[in-house]
Amino acid sequence: MKGWRARIGFLVPPGNPTVEPEMMQLAPEGVSLHFTRMQAEGPAGTHSGQEERNRSQVESVPGCVKLLAMVSPKVIVMAHTATSYTLGQSGEADLVARMESLSGARFVTAFGSVLAAFSHLGVRRIAYGTPYSAEMTARGRQHLETCGLTVVSSGHLANVRNIYEETSERAYAIGRQVDHASADVIFLSGVGMPTLDALQALEDDCGKPVISAASAMMWHALHVAGVRAGIQGYGTLLEGS
C-alpha cells in the first residue's frame, strides 16, 4: 500500500511547476504525496494580478479539498504563502477550521507552517526575502509583524518577469541580500521560486538557520502526520525532524 506511513495532500496554484518536484525531493520512505490544483483567474506567476489570483484560489479550495479527501490523507497543505497575506490571521483561521470540518483531515497552510517552524526553532527576529513585488513583500512583512515577529531586514528580487522562471541561485542571492547580523533566521517566502537547493549553502555561508515556505510546509506536514524523519541537506529545520 502506498503511503503506509502517511499520505499528505497538497493544494497547488494552477501554474506552479515547483511544488510537486520539491515536495517529492523531500518525501521520506513510506510517505506518499497527492496533489490537486486550485483554480485562479489571470496569468500565472506574474506580479500583476497576484491579489486577484489569491482571492480566486481561495474560492476553489473547498472543491479541491473534497477531491484530496478521497485519498484519506492525514494532512492537507495549502501550498501558497501569499494567500495568507491576503486572508489575514482571522481569515486564515476560519479557512483552516472549515476545511478540517469538510475533509476530516488536518489542514495547514504554507504560512502557518512557517510560523510553526519559527516557534520550533525559537526564533523571532526575521530576515525576510521574496520573489514578489515590492507591494506584496511589504504586505508579507506587515503580516509577519502582526503575528508578533520582528522583521529586521527585508527585500525582494529585482527584475522578476515570472516567479516560476526563477532559480535556486536567485533564491540564494536574495537570502544573502537580506541577511542581517541581528536576524535569528533567514526566511524565503513563496513556493513558486525554487529554494530547496539553496538552503544548506545559505546556512553554511550565513551561519544561521534558513527556512523557506517549501521546507517549512513539508516539515510541518510530517510533524502533523506523526512522521519523525530527519532529512539531510536542506538545513537545520528538516535535519531535526
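Predicted model only: the values in this text are computed from it and were never measured.
- Annotation: side chain of Ser154 is not in contact with side chain of Val178 (no heavy-atom distance under 4.5 Å).
- In plain terms, the two heavy atoms of Phe107 and Thr109 that are nearest each other are CE2-CG2, 4.3 Å.
- Defined by atom type and a distance below 3.5 Å, a donor-acceptor pair is present between the side-chain atoms of Gln25 and Tyr234.
- At distances below 3.5 Å, at least one donor-acceptor pair connects side-chain atoms of Lys208 with backbone N or O atoms of Ala183.
- The same ILVMFWY cluster, assembled from side-chain heavy atoms under 4.5 Å apart, contains both Leu121 and Leu196.
- When all heavy atoms are compared, the tightest approach of Ser32 to Arg7 is OG-CG, 3.2 Å.
- Residue Gln89 places its CD atom among more than 12 non-hydrogen atoms of other residues, nucleotides or ligands, all under 6.0 Å distant.
- When all heavy atoms are compared, the tightest approach of Ala214 to Thr195 is CB-OG1, 4.0 Å.
- Tyr172 and Ile126 fall within a single hydrophobic cluster, where Ile, Leu, Val, Met, Phe, Trp and Tyr side chains are chained together by heavy-atom contacts under 4.5 Å.
- Between Arg106 and Glu100 there is a salt bridge, since a side-chain N of the basic residue sits under 4.0 Å from a carboxylate O of the acidic one.
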- Query: Under the side-chain hydrogen bond (donor to acceptor under 3.5 Å, both in side chains) criterion, do Tyr85 and Ser189 qualify, and how do the steps go?
  - Reply: CA-CA 11 Å; Tyr85 306 158; Ser189 187; 2.8 Å; yes
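- To the nearest 0.5 Å, atoms CG (Leu67) and OG (Ser103) are separated by 12.0 Å.
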- Message: Let's go through Met23 and Phe35 carefully: what are the C-alpha distance in whole Å and the side-chain angles of both, what is the deciding distance for side chain to side chain contact (heavy atoms under 4.5 Å, CB included) to 0.1 Å, and is it a yes or a no?
- Response: CA-CA 10 Å; Met23 293 304 96; Phe35 304 92; 4.3 Å; yes
- Query: Hey, mind stepping through Glu59 and Gln39 against side chain to side chain contact (heavy atoms under 4.5 Å, CB included) and telling me if it holds?
  - Reply: CA-CA 8 Å; Glu59 293 175 3; Gln39 297 175 5; over 6 Å; no
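- With Arg5 contributing its side chain and Val31 its backbone, the two residues share no donor-acceptor pair below 3.5 Å.
- At least one donor-acceptor pair under 3.5 Å links the side chain of Gln200 to the backbone N or O of Gly235.
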- Criterion side chain to side chain contact (heavy atoms under 4.5 Å, CB included) on Arg176 and Asp205, from CA distance to verdict: CA-CA 9 Å; Arg176 291 301 298 261; Asp205 294 345; 3.4 Å; yes
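- For Thr137 (side chain) and Ser133 (main-chain N/O), a donor-acceptor pair under 3.5 Å exists by modelled atom type.
- Considering only heavy atoms from C-beta on, Glu239 stays 4.5 Å or farther from Trp219 through its side chain.
- Below 30°, between 30° and 60°, or above 60°: for Phe118 and Phe187 the angle between ring planes is above 60°, a perpendicular geometry.
- Residue Met99 is not grouped with residue Val19 when hydrophobic side chains (ILVMFWY) are merged at heavy-atom distances under 4.5 angstrom, including chains of intermediate members.
- You'll find the side chain of Thr83 reaches within 4.5 Å of the side chain of Met78, heavy atoms only.
- Judged by distance alone, with hydrogens and angles left aside, the side-chain atoms of Arg170 form no donor-acceptor pair with the main-chain N or O of Leu157 at under 3.5 Å.
- Between Val224 and Lys74, every side-chain heavy-atom pair lies at or beyond the 4.5 Å cut-off.
- Of the possible polar contacts, one joining the Arg124 side chain to the Gly148 backbone as a donor-acceptor pair under 3.5 Å is found.
- Here Leu188 contributes atom CG and Thr81 contributes atom OG1; the two are 10.5 Å apart, rounded to the nearest 0.5 Å.
- The nearest pair of heavy atoms linking Val114 to Ala213 is CG2-CA, 4.0 Å.
- Rounding to the nearest 0.5 Å places OG1 of Thr236 at 10.5 Å from CD1 of Ile211.
- Residue Met1 belongs to a hydrophobic cluster whose other members are Trp4, with links defined by side-chain heavy atoms closer than 4.5 Å.
- Looking only at distances, no side-chain donor or acceptor of Asp197 sits under 3.5 Å from a matching main-chain atom of Ser168.
- In this structure, CG in Leu11 is found 12.0 Å from CG in Asn16, a value given to the nearest 0.5 Å.
- Between Thr150 and Val152 there is a side-chain heavy-atom pair separated by less than 4.5 Å.
- Of all heavy-atom pairs between Val58 and Pro62, the closest is O-CD, 3.7 Å.
- Residues Val71 and Met24 fall into different hydrophobic clusters, defined by Ile, Leu, Val, Met, Phe, Trp and Tyr side chains chained together at heavy-atom separations under 4.5 Å.
- Each of Ile76, Thr36, Leu95 was evaluated against Val65; a single residue qualifies, Ile76, per the side-chain contact (heavy atoms from CB on, under 4.5 Å) test.
- Surrounding CD of Gln232 are more than 12 heavy atoms belonging to other residues, nucleotides or ligands, all under 6.0 Å away.
- A donor-acceptor pair shorter than 3.5 Å cannot be found between the side chains of Tyr128 and Ser153.
- The two residues Ala221 and Val75 come nearest to each other via the heavy atoms O-CG1, 3.7 Å.
- For the pair Met193/Thr18, no side-chain contact is recorded, criterion being any heavy-atom separation below 4.5 Å from C-beta on.
- Both Val151 and Val210 are part of a single hydrophobic cluster, where members link through side-chain heavy atoms under 4.5 Å apart.
- Rounded to the nearest 0.5 Å, atoms NE2 (His34) and NZ (Lys2) are 10.0 Å apart.
- Around atom CD of Glu165, more than 12 heavy atoms belonging to other residues, nucleotides or ligands sit under 6.0 Å away.
- Side chain of Ser215 to backbone of Ser212: a donor-acceptor contact under 3.5 angstrom is found.
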- Message: Run Val96 and Val108 through side chain to side chain contact (heavy atoms under 4.5 Å, CB included) and show every step you take.
- Response: CA-CA 7 Å; Val96 169; Val108 302; over 6 Å; no
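- Residues meeting the salt bridge (Lys or Arg N to Asp or Glu O under 4.0 Å) test with Arg98, sequence neighbours left out: Asp94.
- Look at Glu166 and Arg161 and you find no salt bridge, because none of the NZ, NE, NH1 or NH2 atoms lies under 4.0 Å from a carboxylate O.
- Taking the side chain as every heavy atom from C-beta outward, Gln57 and Pro13 approach each other to under 4.5 Å.
- The side-chain heavy atoms of Pro131 and His156, taken from C-beta on, include no pair separated by under 4.5 Å.
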- Which is it for Glu135 and Arg139 under the salt bridge (Lys or Arg N to Asp or Glu O under 4.0 Å) test, yes or no, and what are the steps along the way? CA-CA 6 Å; Glu135 179 184 4; Arg139 289 192 67 173; 5.7 Å; no
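- In this structure, CG on Leu222 lies 11.5 Å from CE on Met217, to the nearest 0.5 angstrom.
- The aromatic ring centres of Phe111 and His143 sit less than 6.0 Å apart.
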